> 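I am attaching a structure below and will ask some questions about it afterwards.
Below, each value reflects all heavy atoms present in this structure, side chains not excepted, and no hydrogens, waters or symmetry copies. Each chain gets a letter, A, B and so on, in the order the sequences are listed, and its residues count up from 1. Note that this is a predicted model, so its numbers are computed, not measured.
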Amino acid sequence: MAVTTADVQPRPSFLSRVAESRGLLSFGFMLPTVVLLLVFLTYPLGLGVWLGFTDARIGRPGVFIGLENYEYLWDDSVFWLSVFNTLLYTVSASILKFALGLWLALLLNENLPFKSFFRAVVLLPWVVPTVLSAIAFWWIYDSQFSILSWALMQMGLIDHNINFLGDPQNARASVIAANVWRGIPFVAITLLAGLQTIPQSLYEAATLDGAGRWQLFRYVTLPLLTPIIAITMTFSVLFTFTDFQLIYVLTRGGPVNATHLMATLSFQRGISGGQLGEGAAIAVAMIPFLLGAILFSYFGLQRRRWQQGGGD
Amino acid sequence: MRFTRRDVIRTGAGAAAAGAIGNRLLGTPAFAQDAPKYTPEKGAKLRLLRWSPFVQGDETAWLALTKKFTDATGVEVRVDKESWEDIRPKAAVAANVGSGPDLMFVWFDDPFQYPDKLLDVTDLGDYLGKKYGGWHEGPKTYATKDGKFIGLPLATIGNAIVYRESWVKEAGFSEFPKDTDSFLDLCKAVQAKGHPAGFTHGHGVGDGNNYAHWLLWSHGGKMVDENSKVVINSPETMKAIEYAQALYKTFIPGTESWLDVNNNRAFLAGELSVIANGISAYETARINKDKDPKLAEMAKDIRTASLPIGPIGKAVELYQVTSAVIFNYTPYPNAAKAYLQFMFEEPQMSEWVKGSSGYCCQTLKAYDDNPIWKADPNYAPYAKASATLRNNGYAGPLGYASAATMADYVLVDMFAKAVTGRATPQEAMEEAEKRANRYYRV
């Protein structure tokens with residue numbers, strides 16, 4: 001009796017079954033990322049949250065004390081000042097970075113001579129390490145040797161040095177300005193990338209329909225750019241909210257805590273002061289604000305109707 | 001307190017020390033006969049993490065002496081350095097994770113943050129104390145807990161008035177004022193002449209804290225009493241704040257934003273007549289790396305003096321104190337102890353203090369007569385740093401609360417708030433009291 005070859009096909013080997021299994025293969029590819037995220041993100045985050053519920057100090061593990069750290073912070077005027085400073089810093093700097101970054105992106109999107117050169121130059125503030133740019137700003141804002149004060153005095157506009165970092169209002173404005181200077185390139189270049197994905201034909205069609213420059217921007221550019229704006233601004237807000245280096249170099253939270261952000265206060269209390277639990281609690285207190293910012297950008301800025309040119 | 005020959009003889013090992021120091025037997029082996037013997041472990045290698053030097057001579061001397069130790073014992077020592085403000089977090093991380101340098105130079109109450117992670121060096125501390133006329137009490141407080149040495153007091157970084165003699169004379173003062181009232185008069189006078197004074201009211205870890213503590217203590221105020229009860233809200237503190245307010249009016253604008261380097265910078269640029277600083281401000285001008293003729297001229301005009309004495313009638317100051325600690329995770333505890341023993345012995349310690357050009361003040365009394373203190377009249381005010389030092393968190397014990405209160409700039413902010421008019425003296429005191437109470441857990 002003849003036996004057809006189809007009936008005796010060899011059983012696939014284990015390896016080839018694994019190679020052909022989409023589920024297992026996907027899992028294998030994801031594994032390195034999952035491990036990295038678990039080790040470097042989930043574990044530290046979990047540890048930070050746990051430390052916030054303990055009285056851990058440097059050199060001592062600490063015991064669970066429930067919400068005591070948070071209760072202390074609730075009554076702590078410096079903590080609330082740092083919350084206010086962080087919100088002011090984040091909101092002001094983000095708005096300015098967005099407005100100026102978008103403006104710069106629109107300019108760079110035009111057909112300028114030496115376009116590539118300008119695009120590269122714009123990235124410089126972003127490329128320079130934060131600590132270096134912070135040190136440059138430290139000199140710019142120096143109470144005795146500020147180049148700004150010197151220039152204004154030479155022009156006869158002021159008769160004494162500006163107290164950039166000594167006066168609370170000036171200090172807040174100064175650190176925000178430094179952050180904006182540093183953050184603009186990120187916003188500008190990312191939005192520029194978004195602008196270049198908008199098909200030229202849409203502008204041509206709108207122009208044929210009689211749209212002006214403002215209408216082109218409002219009804220073509222902006223709606224199509226919104227998804228990238230949402231992502232860019234989410235990142236920008238996160239970077240700004242968690243800023244540390246700039247403040248640490250420029251003012252170390254002074255004068256009289258007027259520029260202390262939650263991140264710098266967390267470091268000051270947790271590491272310099274040795275109160276790891278309290279420092280962790282301050283850092284954990286940042287999470288709701290960060291989540292709020294993310295949710296706002298996802299559910300607020302990414303609304304489909306708005307993106308498609310509709311009203312709210 | 002001065003160390004005399006009679007004091008030496010009173011101590012147990014007086015005779016040995018008198019021989020070693022008095023006769024300057026530089027060729028004497030560092031490991032004297034009665035010294036504890038630490039035999040370095042086989043294949044021992046050490047790593048020391050220290051703060052970046054403020055005076056180059058300090059590092060040069062330390063490295064040369066370390067090489068001497070390596071030549072004598074075969075133990076290789078790698079010396080790394082970090083900015084002085086980064087030492088605290090680095091030490092904290094090393095202590096917490098149980099890995100890192102074998103030895104570290106740490107600041108202030110750092111050893112009290114993780115005492116159980118540090119190697120007990122009581123045998124070495126007692127031996128050195130006996131041999132070298134005893135430890136100065138202030139720095140010893142920072143390195144001993146419950147009668148045990150958890151580190152060796154390495155040095156006190158003195159702080160003194162640094163001023164321009166010609167401008168002080170021009171303001172009508174033939175010598176630098178010794179009390180707080182005439183000091184205020186001087187500051188008013190130099191301001192009127194266009195050469196104001198400037199003291200740090202910002203978050204400068206060293207200068208900010210030194211100035212704030214001098215203001216408080218010289219007027220009899222204190223953060224806590226002997227039982228760690230917060231007593232900052234007091235008539236003495238009020239007097240200190242009022243004095244600070246009067247003084248602040250004479251300062252160059254912007255001192256509330258100053259960090260540690262601002263006063264040096266403004267002083268060396270000729271903007272200020274009077275600051276308080278370590279010897280580094282004067283040394284920068286004296287050494288004058290760039291051969292700047294203006295700076296050379298300035299160096300000749302710079303003088304130093306002890307900070308004026310306040311109503312309490314005696315000199316009491318904070319100063320920066322550094323201790324050498326060995327982490328108990330080190331696989332080479334004997335090598336580490338042998339290294340410290342070697343460095344603290346004559347002639348090594350003498351050479352190091354000398355090399356530091358007055359920046360690092362000795363902690364062992366036998367080294368009080370180091371020739372460096374007479375090498376330049378400007379070094380003299382820094383010679384007594386270890387003797388007039390008062391510990392942080394006075395009059396309470398050192399510990400988590402004192403460290404955290406200082407790290408949170410409670411005192412610095414109290415004065416800054418009041419002098420800049422953002423709070424009344426009473427409000428500033430009450431806020432400081434509330435903030436300190438959080439750490440002293442009331």
> Begin with the C-alpha distance, continue with both residues' side-chain angles, and end with the deciding distance and a verdict on side-chain contact (heavy atoms from CB on, under 4.5 Å) for N96(B) and R57(A).
CA-CA 10 Å; N96(B) 260 0; R57(A) 289 170 181 166; over 6 Å; no
> Under 4.5 Å heavy-atom distance to chain A, tell me which part of A95(B) shows up: side chain, backbone, both or neither.
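Neither part, no heavy atoms under 4.5 Å.
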> Considering residues, nucleotides and ligands other than Y43(A), do more than 12 of their heavy atoms fall under 6.0 Å from its OH?
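Counting other residues, nucleotides and ligands, OH of Y43(A) stays at 12 neighbours or fewer.
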> Would a distance-only check, ignoring hydrogens and angles, find a side-chain to backbone donor-acceptor pair under 3.5 Å from Q144(A) to P253(B)?
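Answer holds: yes.
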> Atom CZ of residue position F64(A) - does it have more than 12 heavy atoms of other residues, nucleotides or ligands inside 6.0 Å?
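Correct, the count exceeds 12.
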> Chain B heavy atoms under 4.5 Å from L276(A): which part of the residue, side chain, backbone, both or neither?
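Contact with chain B is through the side chain of L276(A) alone.
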> Heavy atoms, side chains only, cut-off 4.5 Å: are P255(A) and H201(B) in contact?
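No; the side chains remain at least 4.5 Å from each other.
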> Kindly compute the distance separating CG (D75(A)) from CZ (R438(B)), expressed to the nearest 0.5 Å.
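Here the rounded value is 8.5 Å.
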> When rounded to the nearest 0.5 angstrom, what is the spacing between OG in S272(A) and CH2 in W107(B)?
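Rounded to the nearest 0.5 Å, the OG-CH2 separation comes out at 14.5 Å.
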> I need the residue from K434(B), K117(B), R265(B), E271(B) with the largest number of non-hydrogen atom pairs under 4.5 Å to chain A.
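The residue among K434(B), K117(B), R265(B), E271(B) with the greatest pair count is R265(B).
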> Look up atom OG1 in T259(A) and atom NE2 in H203(B), then write down how far apart they are to the nearest 0.5 Å.
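Taking OG1 in T259(A) and NE2 in H203(B), the distance rounds to 8.0 Å.
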> Among the options A266(B), A403(B), A91(B), pick out the one with the most heavy-atom pairs lying under 4.5 Å from chain A.
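Between A266(B), A403(B), A91(B), the count favours A266(B).
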> Can you tell if the side chain of Y439(B) reaches within under 4.5 Å of the side chain of R269(A), non-hydrogen atoms only?
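Heavy-atom side-chain distance check passes, below 4.5 Å.
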> Could you grab the distance from atom NZ of K417(B) to atom CG of N257(A), nearest 0.5 Å is fine?
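Reported value, rounded in 0.5 Å steps: 7.5 Å.
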> Only pairs at least two apart or in different chains count here, so list each ring pair (Phe, Tyr, Trp, His ring centres under 6.0 Å) that has a residue in residues 127-146 of chain A.
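The answer is F137(A)-Y141(A), F137(A)-W181(A), Y141(A)-F164(A).
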> Measuring from D408(B):CG to E278(A):CD, what's the distance to the nearest 0.5 Å?
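One gets 7.5 Å once the value is rounded to the nearest 0.5 Å.
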> Given heavy-atom pairs under 4.5 angstrom as the criterion, report whether the side chain, backbone, both or neither of N262(B) touches chain A.
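Side chain of N262(B) only, per the 4.5 Å heavy-atom cut-off to chain A.
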> Could you look at D116(B) and say if it's the side chain, the backbone, both or neither that has a heavy atom under 4.5 Å from chain A?
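For D116(B), the contact with chain A is made by the side chain alone.
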> I need the residue from L265(A), D142(A), N161(A), D167(A) with the largest number of non-hydrogen atom pairs under 4.5 Å to chain B.
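The candidate making the most pairs under 4.5 Å is D142(A).
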> Given heavy-atom pairs under 4.5 angstrom as the criterion, report whether the side chain, backbone, both or neither of V261(B) touches chain A.
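Side chain only.
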> For the atom pair OG1 (T251(A)) and CD (E256(B)), what is the distance rounded to the nearest 0.5 Å?
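CD of E256(B) is found 12.5 Å from OG1 of T251(A).
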> Can you tell which part of N163(A) gets under 4.5 Å to a heavy atom of chain B, answering side chain, backbone, both or neither?
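The answer is the side chain of N163(A).
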